[in-house]
Number of protein chains: 4
Amino acid sequence: MKAKDGDDQDARTFTQQARRAQIVQAAIETVAEVGYPNTSFSKIAQRAGLSSTGMISYHFARKPELFAEVVNTILRAAGDITATRMRTAATYRAKLRAYIESNFEFIARHPAYTQALVEIVTGIRFRDTTSLGGLEKAVVSVDGLTDFLSEGRAAGEFGRFDSFTMAVSIRGAIDNFLRQHMFDGDLDIARHGREVADIFDLCTRPGAGASN
Amino acid sequence: MKAKDGDDQDARTFTQQARRAQIVQAAIETVAEVGYPNTSFSKIAQRAGLSSTGMISYHFARKPELFAEVVNTILRAAGDITATRMRTAATYRAKLRAYIESNFEFIARHPAYTQALVEIVTGIRFRDTTSLGGLEKAVVSVDGLTDFLSEGRAAGEFGRFDSFTMAVSIRGAIDNFLRQHMFDGDLDIARHGREVADIFDLCTRPGAGASN
Amino acid sequence: MKAKDGDDQDARTFTQQARRAQIVQAAIETVAEVGYPNTSFSKIAQRAGLSSTGMISYHFARKPELFAEVVNTILRAAGDITATRMRTAATYRAKLRAYIESNFEFIARHPAYTQALVEIVTGIRFRDTTSLGGLEKAVVSVDGLTDFLSEGRAAGEFGRFDSFTMAVSIRGAIDNFLRQHMFDGDLDIARHGREVADIFDLCTRPGAGASN
Amino acid sequence: MKAKDGDDQDARTFTQQARRAQIVQAAIETVAEVGYPNTSFSKIAQRAGLSSTGMISYHFARKPELFAEVVNTILRAAGDITATRMRTAATYRAKLRAYIESNFEFIARHPAYTQALVEIVTGIRFRDTTSLGGLEKAVVSVDGLTDFLSEGRAAGEFGRFDSFTMAVSIRGAIDNFLRQHMFDGDLDIARHGREVADIFDLCTRPGAGASN
DNA sequence: CATGAATGAGAATTCATTCAT
DNA sequence: TATGAATGAATTCTCATTCAT
């Protein structure tokens with residue numbers, strides 16, 4: 001939610017944004033299908049029905065710019081679902097459950113997005129200079145979740161634990177389900193979402209503390 | 001043109017394995033340094049001190065075969081540490097803690113292996129026909145951990161939870177620390193290992209139910 | 001689709017010529033800055049403040065047509081200075097000095113034109129079918145200078161020499177100073193102009209002849 | 001078949017250099033035919049009978065490296081002729097004549113080299129960072145000629161003139177004949193060589209001053 | 001076994017030009 | 001006229017793989 005978005009929107013025409021969206025969509029699907037390392041402009045162009053890769057270069061100055069938008073698009077979609085569900089929850093404990101379960105909901109509703117994200121997040125070299133320009137940091141970041149847990153602990157709703165460690169664990173548990181889901185599409189995602197929420201509900205209970 | 005079968009066979013096998021190990025080692029380091037998508041045969045050959053990429057093709061029929069061995073090597077190294085530490089633990093609860101902490105120990109001791117694994121695991125397309133041939137399944141698999149948790153529950157040491165869900169969560173928490181570590185090398189790995197062990201020690205306690 | 005021929009013709013011609021001049025000017029500056037091989041329509045359009053390269057294609061049927069006008073423009077500018085200076089000189093000898101020195105004056109006053117010309121003259125393939133259509137001949141031509149020298153010799157002001165050879169030498173000396181100037185901008189152009197004029201004043205003296 | 005390291009080194013170098021020479025030769029011919037800006041790897045490869053441009057990249061790390069060798073090759077060939085002819089001349093005046101005439105001899109004997117050099121010299125952007133790496137300086141340089149003229153003047157064989165200015169003029173006269181020759185192949189090169197030598201023999205005479 | 005030359009496909013990107021609006 | 005989207009060929013360069021020696 002950057003103010004810079006507004007400028008971007010002004011600068012680009014409607015047609016341009018439509019094309020960009022189309023390309024981004026094709027890129028997501030391609031990554032989801034063949035994997036990030038195997039995703040080339042020509043495959044994306046083919047899927048998008050473009051006549052040449054030049055069309056992609058026309059709309060995106062460079063490869064990282066395209067994938068930055070891809071990641072942005074995915075994160076925005078995921079963030080929308082999560083934020084909405086969390087807002088309607090009253091307590092921190094309920095919000096945590098909403099966070100976890102809505103992430104699983106996103107997996108179920110946007111499998112291609114999910115797959116693409118997993119591919120890109122770790123497929124892109126983290127310290128790569130030609131990379132997403134800080135965006136990969138946003139992807140891996142658990143800052144928001146960490147802060148949320150800290151707030152909840154300050155409010156007395158959670159037990160004793162290190163917020164960062166817990167945040168990494170929660171996020172990792174969710175992401176690992178993405179991967180499992182990529183293998184075994186038969187997983188009951190909603191059920192597993194509830195179970196994971198149960199697990200972390202359990203170990204964040206007030207009174208329960210890291211006893212060592 | 002083989003001259004003598006007996007001796008030659010052994011000698012060749014030995015030499016071959018030495019070369020293969022050398023190449024695999026160079027591949028791991030290369031992947032850890034420049035990332036999987038940027039890893040090429042020529043970079044590996046260069047690091048291995050080979051004069052030609054043909055040498056790699058000679059020892060590994062195809063690119064996936066090399067990376068299969070790479071992943072195998074890493075998993076074996078990780079498994080060695082984990083298995084040893086678990087064996088010395090008496091109870092299931094202690095074994096679980098040993099499993100988690102020894103995984104963090106592996107991260108600390110073999111950072112290159114760790115990075116390479118993370119890169120490859122998701123960098124390689126899972127359903128790719130030209131892929132690792134089932135090996136990627138081994139990488140993502142939590143079967144062993146799931147079985148272990150089920151046994152522990154049967155033995156009455158753990159509480160009520162779905163073994164698979166818990167296994168995925170544990171494994172995911174660990175793996176996410178790998179990723180975080182790739183960003184922020186200053187993490188106190190041993191401490192976080194203990195904390196993660198604390199977290200899952202807490203929510204696997206007997207008496208604690210997932211039914212909240 | 002022309003509506004009214006008379007007025008429209010004039011109006012269009014004027015506007016067109018203004019645009020063409022603008023584009024030509026931008027092309028000259030671009031060539032001078034980045035070199036002929038690196039000069040693209042988009043760079044020219046950008047410098048000219050045009051929103052699209054289509055604008056260039058609209059005004060110039062093909063790339064060579066644009067560069068033909070570029071060269072024409074430069075030669076005209078150079079010719080203006082040279083012709084004016086020569087006209088005010090009384091004798092052939094003075095005119096020759098005026099020719100040489102005014103060429104250096106042009107270098108000093110229009111460095112971009114100078115650079116662009118050097119770039120284009122030899123950058124463009126002479127026998128190229130997609131080329132300037134005879135214009136490159138004009139650039140390299142020393143016909144005018146040759147004729148001038150012949151006239152001067154007929155008038156008895158010059159010594160014995162082959163007019164064409166001398167013309168090529170004089171022109172070459174001047175052009176080579178352009179190149180040197182592109183490397184070393186610190187050259188005292190006016191001084192070198194005088195010195196070159198001295199040199200050729202010396203060897204065109206009447207009485208002095210090729211004695212071998 | 002390794003005999004001694006030295007031999008191997010030489011053998012390998014020899015093979016490589018043979019290919020490199022072949023590619024350089026094809027590059028020279030291509031530049032001479034279609035011009036520097038129109039010279040692409042694929043055209044060179046085609047002329048050299050290579051199956052792909054990859055072969056060129058295999059032998060030359062980058063495009064500028066190839067053209068550096070091209071220029072080097074040409075300059076070496078020209079330098080060989082010139083140096084030999086100058087050595088056999090006794091006086092500075094005779095050496096100057098030898099220099100000029102041998103340059104024309106080179107034009108006659110290696111027309112493709114000549115054309116290619118003219119193309120590259122000015123076709124390449126002088127201040128281009130991706131350029132020949134200082135080699136273009138060598139091409140344009142008149143340092144050697146300047147020094148030679150200074151020595152000759154110190155020895156009392158030449159008259160009063162600025163050595164640098166004279167060097168630039170001589171070199172420019174020669175180079176301009178290259179260009180003229182590219183247009184009109186019917187020029188009598190040897191004759192023009194003698195005439196140019198006459199011209200500069202005249203204006204470098206001792207006693208003759210630049211002070212007109 | 002090892003080398004390194006060779007191959008051809010494929011990568012991203014830029015280009016001049018066309019065309020509908 | 002002017003715009004900007006679209007096209008498709010061309011660019012340099014990298015890649016995994018093959019093969020003769």
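Here the structure is a predicted model, which means the values were calculated and not measured. In the text below, chain A, chain B and the rest are named by the order of the sequence lines, each starting its count at 1.
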Original post:
Do C/T53 and E/dT17 have a side chain to base donor-acceptor pair shorter than 3.5 Å?
Top reply: yes
Original post:
Taking N and O atoms by type only, does the side chain of A/Y58 place a donor or acceptor under 3.5 Å from a partner on the base of F/dA5?
Top reply: yes
Value in whole Å for how far the [atom2] atom of [N] lies from [atom1] of [X]:
X	N	atom1	atom2	value
C/F41	E/dT18	CZ	P	10 Å
A/K43	E/dG10	NZ	C1'	9 Å
D/Q22	E/dA5	CD	P	13 Å
C/F67	E/dT17	CZ	P	10 Å
B/I23	F/dA16	CD1	P	13 Å
D/H59	E/dG4	NE2	C1'	9 Å
C/R62	E/dT18	CZ	C1'	10 Å
C/I56	F/dG4	CD1	C1'	14 Å

Subject >> D/L50 vs D/I23, side chain to side chain contact (heavy atoms under 4.5 Å, CB included): CA-CA, chis, key distance, verdict >> reply: CA-CA 9 Å; D/L50 304 175; D/I23 294 169; 3.9 Å; yes
Original post:
Under 3.5 Å, is there a donor-acceptor pair linking the side chains of D/Y113 and D/E29?
Top reply: no
Original post:
Between the side chains of D/R19 and D/Q22, is a donor N or O closer than 3.5 angstrom to an acceptor N or O?
Top reply: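 Looking only at side-chain atoms, D/Q22 and D/R19 do form a donor-acceptor pair, the distance falling under 3.5 Å.
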Just to confirm, is there a sub-4.0 Å distance from OP1 or OP2 of [N] to any side-chain nitrogen or oxygen of [X]?
X	N	value
C/S42	E/dA16	no
A/S40	E/dA11	yes
D/Q16	E/dG4	no
D/S51	E/dT7	yes

Subject >> Cation-aromatic face contact B/K43/B/Y36, 6.0 Å, 45 degrees >> reply: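 No cation-pi geometry.
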**OP:** For A/M55 and for B/S57, locate the closest nucleotide of DNA chain F by heavy-atom distance; then report the residue assigned to the nucleotide nearer the 5' terminus.
**Re:**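 Upstream on the strand: A/M55.
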Subject >> Most 5' of A/R19 and C/R19 on DNA chain F, judged by nearest nucleotide >> reply: C/R19
Subject >> Evaluation steps, side chain to side chain contact (heavy atoms under 4.5 Å, CB included), between B/I44 and B/L66 >> reply: CA-CA 11 Å; B/I44 296 173; B/L66 165 58; 3.9 Å; yes
Subject >> Partner nucleotide, any strand, of E/dA20 [Watson-Crick/G-U, under 3.5 Å] >> reply: F/dT3
**OP:** Nearest-nucleotide wise, let me know which of B/G49 and D/G49 is further upstream toward the 5' end of DNA chain E.
**Re:** B/G49
